[in-house]
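For the single chain, residues carry numbers from 1 onward in sequence order.
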Amino acid sequence: QVQLVESGGGLVQAGGSLRLSCAASGRTFSKNMGWFRQAPGKEREFVAGIHWTGGRIYYADSVKGRFTISIDNAKSTVDLQMNSLKPEDTAVYYCAATSSDSWWYLRPPVLADFGSWGQGTQVTVSS
């Protein structure tokens, strides 16, 4: 099992930037990683995902060109750089991990693909 801890959330004005970080511990080898978010009253949605080799990255259409996901296997961390933030980006952001791999290069990941989750970090973007 892998344990995940997110950090870096906070309050920022529209147009600003934040960098989220997820630290993994436990059985971290060959874990594909993802970021999801959940706004009040809405379902949790996919934001970005990265293969553990860094070789295949996915983004939700709503964040393409603004968010960048990166992985550092030596440090067992995965970061999400968020630029040009909008009020609609306000949500609790969750880090997730999966060992499942056979489909990663065929389709974007979805919620059900991930078995390990962090506790979440709040991101609030004011207008």
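Of the charged side-chain nitrogens involved, none lies within less than 4.0 Å of a carboxylate oxygen, so that Lys86 and Asp89 do not count as a salt-bridged pair.
In this structure, CD on Gln13 lies 5.0 Å from OG on Ser126, to the nearest 0.5 angstrom. A distance of 12.0 Å separates CH2 in Trp52 from OG in Ser76, rounded to the nearest 0.5 Å. Atom OH of Tyr59 sits about 7.5 Å away from atom CG of Leu80, to the nearest 0.5 Å. Between the CG atom of Leu4 and the OG atom of Ser116 there is a distance of 6.0 Å, given to the nearest 0.5 Å. Going from atom CH2 of Trp104 over to atom CZ of Arg56 covers 9.5 Å, rounded to the nearest 0.5 Å. In this structure, OG1 on Thr121 lies 7.5 Å from CH2 on Trp35, to the nearest 0.5 angstrom.
Of the options Thr53, Asp101, Asp113, a side-chain hydrogen bond (donor to acceptor under 3.5 Å, both in side chains) to Asn32 is made by Asp101 and by none of the others.
Side chains of Asp79 and Gln81: no donor on one and acceptor on the other come within 3.5 Å. No hydrogens or angles considered: nothing links the side chains of Lys31 and Thr98 as a donor-acceptor pair under 3.5 Å.
Cluster annotation: Leu111 is not connected to Val47 through the hydrophobic network of ILVMFWY side chains, with a link wherever side-chain heavy atoms come within less than 4.5 Å. In the hydrophobic cluster analysis, where Ile, Leu, Val, Met, Phe, Trp and Tyr join through side-chain heavy atoms closer than 4.5 angstrom, Leu18 is grouped together with Ile69. Note on Val12 and Met82: same hydrophobic cluster, where clusters join Ile, Leu, Val, Met, Phe, Trp and Tyr whose side-chain heavy atoms are under 4.5 Å apart, directly or indirectly. Both Ile57 and Leu20 are assigned to one and the same hydrophobic cluster, defined by single-linkage of ILVMFWY side chains at heavy-atom distances under 4.5 Å.
By the side-chain hydrogen bond (donor to acceptor under 3.5 Å, both in side chains) test, Asn73 pairs with no residue at all, sequence neighbours left out. By the side-chain contact (heavy atoms from CB on, under 4.5 Å) test, Gln3 is found to be paired with Gln1, Ser25, residues two or more places apart in sequence or in another chain being considered.
Phe36 has its ring centre less than 6.0 Å from the ring centre of Phe114.
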